[in-house]
Amino acid sequence: MTNPMIPLLKRGPSQGSTISSISQNCADFGSLGDDFDEGKMSLPSARTSKQLKSKISSKNVCNDDLNISPNERRRGLNISVPFCDLNNVSLSFSTKSDSELPQNGKNCFELKPNEVRVVEDSTWNIEVERVAVLVSKGLSDGYYPTLAEGCSSGAYYMRGPRGKLCAVFKPMDEEAGGLNTPHSESTVSFKVGVHTGDGALRECLAYLIDQGYAGVPPTSIAQMNLNGVIKTGSLQVYVDHECTSEDIGPSLFSKSDVQKIAALDIRLLNQDRHIGNILVKNVNGLKKLIPIDHGYCIPHYSSIGEADFSWMLWPQVKEPINDDLAKHIKNIDSESEANELSLSLPLLPQECIITLRIGTLLLKLGLENELSLFQIGSMIVRKDFNLPSDLEKVVERVAKELDEEVVWFTDRFVKRLETPLRELVLGASSP
């Protein structure tokens, strides 16, 4: 397995589970050496460079390939153009000779021209693997990526044989604020608490957490070689759809679909749930909802004030939570889930894990007290954009009371949050 935060090193055996432990890999980790430059590392977490060394170092890693610039945190090689500018560009994908590349049977950049490969880490998924094979065939047939319109970051429609749409690829270095973003107006990340270059991992996290329950399409970290340029990003299975939720009225949507998406967004404290990123698919005459675009979910726990839920205006979220969803929420083991994610994705900022646990705790408390998803969402979304929400106030107060580095005492912090959050929920449930 390889870490999604660094270039593809080797392909390990296929993993049976979506989230898998990296303990075996950790046993092989070594030292980066004296030439490691921690000034080139810019990670939105409190982990020190020494801890990072112990987690990402490996005898198979080129030090040059670990240089992550503060503004873009790009993975892989330094590529100076977005995919949409590659029509007349032909670049060599590596300046190193084969002898200079790390050897382990195969070198770490052995991607054939026009090949897409899913990184076999904890985000690996068999459905995405199948789609990657189709996309590779499509590229070989001349069906190159098509830049999606209306996106703040680089998002590309990928086609398989005979030009059939089968995936969406989002390169890490083309996110809003990245140097290679194809949109000139996207000079900075649009959301506080989410760093440029982290969006691809968050796209994968949304699927790992949802596991298809609310309909998030299978998503994995992948690498692509196009015209000699290798890029790393998220590869998501394309879902055929007739429109988005902005094109038809919410009265046609099922209570089950709407509530599942709302519950997921509350857990992720999603900062970008608008009516344009909920797809509508016709299934046997019924309107099936598919949530996409999760690059701005799970922000830093101290920056949750931009949570945005378009479904707050839909009547389904004001109804009682249905029985199936209630059972699903009760069965969530937040602590075990957080520990598994931390082990599987060691460079995932701990602040994001804290955010996930906060959102899940609030959802569970709301269910216990028979609140609607609208009532729970009202505690998260700011009523006045310039004033903190009810949830923000509680989180900030408890963080100050703890008077310790929160990321090192996650369990204690979450436990401290339970009482004031329960009071907040009880206040909302009172007549």
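Remark: the backbone N or O of C204 is not paired with any side-chain donor or acceptor of T219 at under 3.5 angstrom. No side-chain donor-acceptor contact under 3.5 Å links S303 to the backbone of P299. Panel note: side chain K364, backbone K330; a donor-acceptor pair is recorded below 3.5 Å. Under a 3.5 Å cut-off, the side chain of D198 and the backbone N or O of V194 do not form any donor-acceptor pair. The closest donor-acceptor contact from the side chain of T355 to the backbone of Y301 lies under 3.5 Å. Without hydrogens or angle criteria, R273 side chain to S310 main chain gives no donor-acceptor distance under 3.5 Å. A donor-acceptor pair under 3.5 Å is formed between the side chain of E175 and the backbone N or O of G199. Side chain of S334 to main chain of T360: no donor-acceptor pair is present (N/O by atom type, distance under 3.5 Å, no hydrogens or angles). Using a distance-only test at 3.5 Å, with no hydrogens or angles considered, a donor-acceptor pair links the side chain of K383 to the main chain of S378. Put simply, the side chain of H241 never gets that close to the backbone of C243: no donor and acceptor are under 3.5 Å apart.
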Test side-chain hydrogen bond (donor to acceptor under 3.5 Å, both in side chains) applied to N277 and Y296, step by step: CA-CA 12 Å; N277 60 25; Y296 288 122; over 6 Å; no
R422 vs E368, salt bridge (charged side-chain N to carboxylate O under 4.0 Å, His left out): CA-CA, chis, key distance, verdict: CA-CA 10 Å; R422 190 179 296 277; E368 288 177 13; 3.3 Å; yes
Step-by-step side chain to side chain contact (heavy atoms under 4.5 Å, CB included) determination, K112 to N225: CA-CA 7 Å; K112 299 175 183 178; N225 180 348; 5.8 Å; no
Worked check of side chain to side chain contact (heavy atoms under 4.5 Å, CB included) between L373 and L363: CA-CA 8 Å; L373 293 165; L363 181 63; 3.8 Å; yes
Check against side-chain hydrogen bond (donor to acceptor under 3.5 Å, both in side chains), Q350 and T410: CA-CA 8 Å; Q350 185 66 16; T410 300; 3.0 Å; yes
Step-by-step side chain to side chain contact (heavy atoms under 4.5 Å, CB included) determination, L421 to L361: CA-CA 8 Å; L421 283 183; L361 175 59; 3.7 Å; yes
V395 vs I358, side chain to side chain contact (heavy atoms under 4.5 Å, CB included): CA-CA, chis, key distance, verdict: CA-CA 9 Å; V395 171; I358 291 172; 4.0 Å; yes
E174 vs K170, salt bridge (charged side-chain N to carboxylate O under 4.0 Å, His left out): CA-CA, chis, key distance, verdict: CA-CA 7 Å; E174 297 191 28; K170 297 182 179 181; over 6 Å; no
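No hydrogens or angles considered: nothing links the side chains of Y143 and N114 as a donor-acceptor pair under 3.5 Å.
The minimum heavy-atom distance between Y157 and A148, with the atom names listed, is CE1-CB, 3.7 Å. When all heavy atoms are compared, the tightest approach of T181 to S153 is OG1-CA, 4.5 Å. The minimum heavy-atom distance linking L371 with I321 is given by the pair O-CD1, 3.8 Å. Here the closest heavy-atom approach between residue G295 and residue E203 is recorded as N-OE2, 3.5 Å. Smallest separation of non-hydrogen atoms from L391 and L424: N-CD2, 4.4 Å. A pairwise comparison of heavy atoms in L367 and A326 identifies CD2-O, 3.5 Å as the closest pair.
Looking at R117 and E115, a side-chain N of the basic residue comes within less than 4.0 Å of a carboxylate O on the acidic one, giving a salt bridge. Salt-bridge formation is detected for the pair K231/D173: a Lys NZ or Arg NE/NH1/NH2 atom is positioned less than 4.0 Å from an Asp or Glu carboxylate oxygen. With salt bridges taken as basic N to acidic carboxylate O contacts below 4.0 Å, none links E306 and R382. The pair K255-E319 counts as a salt bridge, with a side-chain nitrogen and a carboxylate oxygen less than 4.0 angstrom apart.
For E242, the CD atom sits in a packed shell: over 12 heavy atoms of surrounding residues, nucleotides or ligands are nearer than 6.0 Å. Remark: D333 CG is packed, more than 12 non-hydrogen atoms of other residues, nucleotides or ligands lying under 6.0 Å away.
Contact of the Q211 side chain with the L208 side chain is registered, since non-hydrogen atoms from C-beta on lie closer than 4.5 Å. With contacts defined as side-chain heavy-atom distances shorter than 4.5 Å, the pair Q223/V119 qualifies. Contact of the E335 side chain with the D411 side chain is registered, since non-hydrogen atoms from C-beta on lie closer than 4.5 Å. Between V116 and L226, the closest side-chain pair of non-hydrogen atoms is not below 4.5 Å. For the pair I248/V280, a side-chain contact is recorded, criterion being any heavy-atom separation below 4.5 Å from C-beta on. Under the 4.5 Å side-chain criterion, counting only non-hydrogen atoms from C-beta, V135 is not in contact with F169. Side-chain contact check for I209 versus E337: some heavy-atom pair is nearer than 4.5 Å. Side-chain contact between R267 and L362: absent, with no pair of heavy atoms (C-beta onward) separated by less than 4.5 Å.
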Just list the side-chain donor-acceptor pairs under 3.5 Å for residues 256-263, sequence neighbours left out, or say none.
residue	atom	partner	partner atom	Å
D257	OD1	K288	NZ	3.3
D257	OD2	L289	N	3.1
Q259	OE1	N322	N	3.0
Q259	NE2	Q316	O	3.0
Q259	NE2	P320	O	3.2

Residues 160-167, side-chain donor-acceptor partners within the protein, below 3.5 Å, at least two apart:
none

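Annotation: the span from Y144 atom OH to M158 atom CE amounts to 10.5 Å, rounded to 0.5 Å. A distance of 8.5 Å separates CE in M312 from CD1 in I380, rounded to the nearest 0.5 Å. W314 contributes atom CH2, which lies 11.0 Å from atom OG of S251 (distance to the nearest 0.5 angstrom). In this structure, CG in L348 is found 11.5 Å from CG in L343, a value given to the nearest 0.5 Å. One distance of note links CD of E418 with CZ of F413; it measures 13.0 Å at 0.5 Å rounding. The CG atom of N125 sits 9.0 Å away from the CZ atom of R130 when rounded to the nearest 0.5 Å.
No option in D308, D293, D265 other than D265 meets the side-chain hydrogen bond (donor to acceptor under 3.5 Å, both in side chains) test with N270.
A cation-pi arrangement, defined by a distance under 6.0 Å to the six-membered ring centre and an angle within 45 degrees of its axis, is absent between K287 and F253.
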